[in-house]
Amino acid sequence: MSAAADAGPTEPTAAERVRSVLAQAASLSLVTQAQCYDLIGMHAVDARGRISLHPPADSPLTAHVATAPRGSLAALLDFTDVAATAIRDRVRARARVTVSGWLTPQRPGRIDGRLRLDAARVTLRTPAGAVEVGLDEVALAQPDPLAAEEADMLTHLADAHEDLVSELVVRAGAHLPSGVLRAAPFALDRHGITVRCEYRRGHCDLRFPFPAPAHDPAEAGEQVRRLLTAPPCARPRPSSARSRAT
């Protein structure tokens, strides 16, 4: 591991992961005691991580909230982290966020489809397990600075810079099982880039920590270039994980 990697954290905190997933998600699943809903492009997250929904005013969800006892509806919202690139399994197990609480009309007395979630509990699920994240922690945390741009950046890397992705895989050397059929950028945050290597059966994810954190897309591009030009003794050691590659 490089000295730069030892100088600070190389992974986001749990609260930052929550905020990043919320910032990236284009859809969510909502469960109440009686119904399940899949909402696409019908939610927003403000600067403190508070969630609001805006389904159509005549939707079943809006009617469900309007007729709920005491004007609020217990609900569980599930946000799944999905990769932007075309790979076999696009659901990323690195982070899944569940938020439970009560849905109420954003403007009391008006049934216009605008709903707010009064959160009670936030749970982050990763390959390492599930952990509850405090509401204050979520409110104070910031999403990863690359979260909003990650999908576009990964797509650009896959479409226009396949050679760079291949070079990263080559530099993994002995850490990578043989027999790779395809490699594609899988995840990107300020601390590093993850490449997915697909095999005939299964896959392997390689994590390349950046020499220094990236604060915007331009710096992320520079950090990728630094990974590709680092001398052997200074190259960050990638970590491989996920499913068995055969």
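Model, not experiment: these values are computed from the prediction.
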Exercise for the section: Compare all side-chain heavy atoms of Pro60 with those of Tyr37 and state whether any distance is below 4.5 angstrom. Expected result: yes
Tell me, do Glu16 and Arg19 make a side-chain contact under 4.5 Å, heavy atoms counted? no
**Q.** Pair Arg190 + Glu150, salt bridge at N-O below 4.0 Å
**A.** no
message: Measuring only between side-chain heavy atoms, which start at C-beta, is Asp118 closer than 4.5 Å to Leu103?
response: no
Side chain to side chain contact (heavy atoms under 4.5 Å, CB included) with Pro55: of Val65, Thr62, Leu30, only one passes, and it is Thr62
Check your understanding: Is the closest basic N to carboxylate O distance between Asp189 and Arg207 below 4.0 Å?
Key -> yes
Q. Would you say the side chain of Leu206 lies within less than 4.5 Å of the side chain of Cys197, judging by non-hydrogen atoms?
A. yes
*Going by heavy atoms in the side chains, are Ser166 and Asp163 under 4.5 Å from each other?*
no
- Query: With the 4.5 Å side-chain cut-off for hydrophobic clustering, are Val224 and Met153 part of the same group?
  - Reply: yes
Minimal heavy-atom distance between Leu154 and Pro185, with the atoms involved, is O-CG, 3.5 Å
Polar side-chain atom of Glu132 near backbone of Arg121 as donor-acceptor pair, under 3.5 Å: no
Under 3.5 Å, is there a donor on one side chain and an acceptor on the other for Thr98 and Arg125?
yes
Practice task
Establish whether Phe208 and Val180 are linked, either directly or via other cluster members, by ILVMFWY side-chain heavy-atom contacts under 4.5 Å.
Solution key: yes
Residues pairing under ring pair (Phe, Tyr, Trp, His ring centres under 6.0 Å) where one sits in residues 61-82, two or more places apart or in two chains, turn out to be His43-Phe79
> Hey, is the main chain of Ala63 close enough, under 3.5 Å, to the side chain of Thr67 for a donor-acceptor pair?
Replying inline: yes
Problem - Side-chain touch Trp102/Leu117, heavy atoms, less than 4.5 angstrom - result: no
Hits for side chain to side chain donor-acceptor pair (under 3.5 Å) against Asp38, two or more places apart or cross-chain, chain-then-number order -> Ser29
Honestly curious: do Leu28 and Val45 fall in one hydrophobic cluster under the side-chain, below-4.5 Å linking rule?
-> yes
- Task: Check whether any side-chain heavy atom of Arg107 sits under 4.5 Å from a side-chain heavy atom of Arg114, and report yes or no.
- Result: yes
### Message
Side chains of Ser52 and Asp46, heavy atoms from C-beta outward: is any pair under 4.5 Å?
### Response
no
From the list Asp144, Leu22, Thr126, side chain to side chain contact (heavy atoms under 4.5 Å, CB included) partner of Arg17 resolves to Thr126
* Counting N and O atoms only, with roles assigned by atom type, does the side chain of Thr123 sit under 3.5 Å from a partner on the main chain of Val131, one being a donor and the other an acceptor? -> no
Contacts of His215 meeting ring-ring contact (aromatic ring centres under 6.0 Å, His included) (sequence neighbours excluded), chain-then-number -> none
- Query: Can you hop from Leu39 to Val31 via hydrophobic side chains spaced under 4.5 Å?
  - Reply: no
*asked:* Any carboxylate oxygen within less than 4.0 angstrom of a Lys/Arg side-chain nitrogen, looking at Arg225 and Glu222?
replied: yes
Check your understanding: If you group Ile, Leu, Val, Met, Phe, Trp and Tyr by side-chain heavy-atom gaps below 4.5 Å, do Val195 and Leu228 land in one group?
Key -> yes
